Amino acid sequence: MGKTFAEKILAKKAGLKEVVPGQIVTVKPEHLLTHDNTSAIIGKIGADLEKYGVIDPNLSVIVLDHVVPAADEKTATNHKKVREFVKKHGIKNFFDAGEGICHQVVIEKGFAVPGTIVVGSDSHTCSYGALGVFATGIDRTESSALLLTGETWLKVPQSIKIALKGKLQPPVMAKDLVLKIIGDIKADGANYCSVEFQGDIHNLTIDDRITIANMGIEMGAKVAVFPVDDIAEKYLASIGVKKGSYEKIWADSDAHYIQKLEYDLAKLKPAVAKPHLVDNYALVSEVEGIEIHQCLLGTCTNGRLSDLEVAATILKGKKIASNVRFLVLPASRSIFSEAMKKGYIQTLVDAGAMVLPTGCGPCLGAHQGILAPGERCLSTSNRNFKGRMGCKEAEIYLASPATVAVSALYGKITDPRKIN
Amino acid sequence: MTQKNNVWRYGDDINTDMLFPGKYTYTCSTAEEIKPHLLEDLDPNFAKNVKPGDLIFAGKNFGCGSSREQPALGLKAVGIQAVVAKSYARIFYRAAINQGLLLIECPDAIDSYQEGMDVRFDLAQGSITIGDRNFSFPTLPPEILAIRDAGGLLEYTRQKLNKQSLASDL
């Protein structure tokens with residue numbers, strides 16, 4: 001019997017000939033991502049750090065992104081503590097506020113290397129599965145322990161195979177696909193599992209794959225992963241990760257999956273997740289006309305250059321509806337810069353958008369863009385939980401950048417096919 | 001042991017924003033800061049009235065969503081004796097182990113429970129008794145139990161580092 005991606009990589013990293021689902025293995029991840037919560041993580045182990053120091057100054061990748069620039073004295077002090085820790089312990093990979101959203105930064109700076117294990121104190125760490133990384137979220141306490149020991153345990157997951165065929169038909173986007181998958185298998189449909197995508201992967205861009213892998217956690221997955229193909233290798237080379245410097249690990253063709261699903265990309269339609277659960281799937285056509293007060297384009301799910309391009313193309317020379325605030329947060333400084341060079345930012349601002357600093361704030365109700373009771377937001381983010389954007393009496397619908405941009409134009413949820 | 005303690009009952013997909021709102025994530029980290037906001041958007045009575053020894057009974061996918069550990073840390077700190085649910089989201093499950101919070105996965109127990117029934121556990125055997133019905137639940141592997149039994153991951157890690165450092169001093 002062949003092995004899944006998860007079984008292969010965990011066997012290799014644990015130094016074992018083979019592993020089976022359910023087995024507990026000890027691994028040393030190549031990297032540990034932490035963000036603003038680094039302050040709390042180091043706060044738990046102050047005396048231990050004095051005594052033992054960090055196990056490896058290259059293990060950590062620290063990115064300040066969740067409340068940037070600082071919202072108040074408390075968050076400013078947290079950031080300051082992180083900068084002091086970085087200096088004192090010689091942490092090699094630190095990216096201060098303004099560099100970007102942690103998951104985008106990890107990918108752009110070349111820390112998401114195929115065939116490695118990356119853990120992070122953020123649930124959307126699973127994004128790096130787009131590049132064949134075994135990447136998964138952990139909590140703060142485990143991050144504290146990792147700083148000291150460099151190792152942790154993982155249970156070998158069972159695996160689900162999702163075969164993709166055909167090609168997305170614009171304005172349908174990768175977001176519509178992943179919302180459909182979550183709607184089908186539900187928020188716990190892949191609990192504890194490795195979700196392994198196969199099939200016509202070559203029809204998906206790296207941005208598409210990141211959007212899909214990013215939302216693996218919203219179906220409960222431990223990892224959501226794509227094979228490393230020519231497109232991935234070309235992307236990695238473009239950011240300085242050379243071919244041959246990493247191992248391409250992938251599932252055997254006769255690997256055992258507990259569930260197999262297949263999606264025809266050409267048949268998908270624009271979709272939303274209705275309040276207050278990500279698996280509350282509906283077609284845009286079923287919810288068209290619902291009034292919205294805020295639109296959000298950005299986050300680790302959909303703040304990349306291709307997402308800004310889609311929105312700018314739709315909004316070129318137009319004005320958004322007067323009842324809508326349109327927030328735009330590019331996912332990183334480099335995306336922001338590139339979007340300026342290409343004129344996308346100019347287009348979005350002229351259309352009436354407010355461009356915010358690159359970061360996470362509004363998505364989790366931590367900073368800026370908070371909703372009022374009775375308001376409704378249409379967002380490209382990944383969670384629509386009650387209270388998520390700072391107000392439990394507000395509603396959040398999730399959708400693709402195309403749906404959000406078209407809806408901003410009309411001030412109500414609108415099918416993006418309307419203007420194609 | 002016989003539990004006459006209060007049971008807090010909730011449904012499916014109780015996510016981390018309901019257990020502890022995201023807006024407090026970067027301003028509340030200690031047990032004392034977390035406690036008043038526990039389950040704030042789900043059940044405003046919880047933080048006011050929860051008592052040590054209380055139990056939480058919930059449906060499937062308890063703890064889904066964010067990796068924030070405040071729910072597990074907070075529930076342990078207010079003295080929740082155990083969460084019993086039909087299933088758990090994985091990051092919350094790990095967080096509970098790391099905080100030394102007892103989780104029991106047992107769908108049949110949840111379906112059988114009615115208000116006022118006695119609840120008893122036998123952790124060594126992996127069984128839970130609801131009224132007069134007995135159900136088994138999967139126990140944790142020994143290497144994971146060792147973390148929980150040490151009082152959580154940081155205590156476990158400190159014991160390990162201390163042993164290593166003593167050994168290297170010899």
Side-chain angles (χ1 to χ4, degrees), chain A residues 22 24 26 36-37 39-40 43-45 48 51-52 66-67 71-72 74-75 78 120-125 136-142 144-145 148-149 152-153 155 157 186-188 191-192 217-218 220-222 276-279 363-367 370 383 385-392, chain B residues 12-18 20-30 40-42 44 59-62 64-73 86-100 138 140-144 147 152-158 160-162 164-165:
Chain A
I24 305 286
T26 302
D36 300 41
N37 58 21
S39 170
K44 291 172 186 288
I45 49 169
D48 308 283
K51 193 169 172 189
Y52 303 108
H66 269 57
V67 186
D72 50 30
K74 188 149 191 179
T75 48
N78 283 345
S121 60
D122 188 282
S123 59
H124 294 106
T125 301
T136 195
I138 57 172
D139 68 6
R140 295 176 179 183
T141 296
E142 193 167 340
S144 304
L148 297 168
T149 67
T152 192
W153 62 276
K155 186 164 92 168
K186 310 311 275 184
D188 63 343
N191 260 5
Y192 310 116
I217 183 67
E218 312 311 333
K222 184 170 210 157
H276 297 284
L277 291 166
V278 185
D279 60 10
C363 170
L364 67 156
H367 189 27
I370 307 296
R383 291 199 176 121
F385 300 154
K386 198 172 184 178
R388 174 80 180 173
M389 292 182 79
C391 172
K392 65 176 176 179
Chain B
D12 292 338
D13 298 313
I14 301 300
N15 61 63
T16 48
D17 278 271
M18 288 162 135
F20 184 83
K23 61 188 171 191
Y24 305 124
T25 320
Y26 299 97
T27 48
C28 300
S29 298
T30 65
E40 186 171 286
D41 286 348
L42 175 67
K60 69 180 177 64
N61 206 24
F62 188 83
C64 62
S66 158
S67 67
R68 76 188 62 138
E69 70 180 9
Q70 285 94 334
L73 199 158
K86 290 186 179 181
S87 66
Y88 296 92
R90 61 163 290 278
I91 303 180
F92 177 78
Y93 194 82
R94 284 179 89 87
I97 292 165
N98 293 342
Q99 299 303 333
L140 291 170
E143 54 268 61
I144 307 307
I147 297 172
L153 182 65
L154 287 182
E155 282 314 311
Y156 175 82
T157 302
R158 286 184 185 117
K160 204 165 78 174
L161 287 170
N162 200 26
Q164 283 168 4
S165 121

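Protein chains get the first letters and strands the later ones, always in sequence-line order, with residue 1 at the start of each. Quick caveat: nothing in here was measured; it's all calculated off a predicted structure.
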Residue part contacting chain B, namely of T141(A), when any heavy atom lies under 4.5 Å: both
Counting only heavy atoms closer than 4.5 Å, note whether L277(A) contacts chain B via side chain, backbone, both or neither. side chain
Side chain, backbone, both or neither of K222(A) within contact of chain B (heavy atoms, under 4.5 Å): both
Specify which of T136(A), V278(A), V67(A) makes the most heavy-atom pairs with chain B at under 4.5 Å. T136(A)
Part of L73(B) within contact of chain A (heavy atom distance under 4.5 Å): side chain
Interface moiety of P141(B) toward chain A, non-hydrogen atoms closer than 4.5 Å: side chain
Which atoms of R388(A) come close to chain B, meaning under 4.5 Å heavy atom to heavy atom: side chain ones, backbone ones, both, or neither? both
Taking every heavy atom of S123(A) against every heavy atom of S67(B), the minimum-distance pair comes out as N-OG, 3.4 Å
Do you know which of D41(B), I97(B), D12(B), T157(B) has the most heavy-atom pairs with chain A at a distance under 4.5 angstrom? D41(B)
Nearest non-hydrogen partners of E40(B) and Y24(B), listed with the distance: OE2-OH, 2.6 Å
Check: D48(A) and L154(B) side chains under 4.5 Å, non-hydrogen atoms: no
Options R158(B), Q99(B), Q164(B), E143(B), ranked by heavy-atom pairs under 4.5 Å with chain A, top entry: R158(B)
Among the options A366(A), A40(A), A145(A), pick out the one with the most heavy-atom pairs lying under 4.5 Å from chain B. A145(A)
Does any backbone or side-chain atom of K51(A) lie under 4.5 Å from a heavy atom of chain B? Answer side chain, backbone, both or neither. side chain
How are the rings of Y88(B) and F62(B) set relative to one another: parallel (under 30°), tilted (30 to 60°) or perpendicular (over 60°)? perpendicular
Tell me, out of G43(A), S121(A), G137(A), who's got the most heavy-atom pairs with chain B below 4.5 Å. G137(A)
Salt bridge (Lys or Arg N to Asp or Glu O under 4.0 Å) partner of D188(A), chosen from K86(B), K60(B), R90(B): K60(B)
Under 4.5 Å to a heavy atom of chain B? For I138(A) that would be both
Applying a strict 4.5 Å limit to non-hydrogen atoms, the region of I370(A) in contact with chain B is neither
Donor-acceptor contact below 3.5 Å, side chain K386(A) vs main chain H276(A): no
In terms of heavy-atom proximity below 4.5 Å to chain B, should A221(A) be classed as side chain, backbone, both, or neither? backbone
Might you point out which heavy atoms bring A89(B) and N61(B) nearest each other, and give the distance in Å? CB-OD1, 3.7 Å
To the nearest 0.5 Å, what is the distance between CD on Q70(B) and CZ on R140(A)? 4.5 Å
Determine, step by step, whether D36(A) and N78(A) satisfy the side chain to side chain donor-acceptor pair (under 3.5 Å) criterion, reporting the C-alpha distance in whole Å, the side-chain angles of both residues, the deciding distance to 0.1 Å, and the verdict. CA-CA 7 Å; D36(A) 300 41; N78(A) 283 345; over 6 Å; no
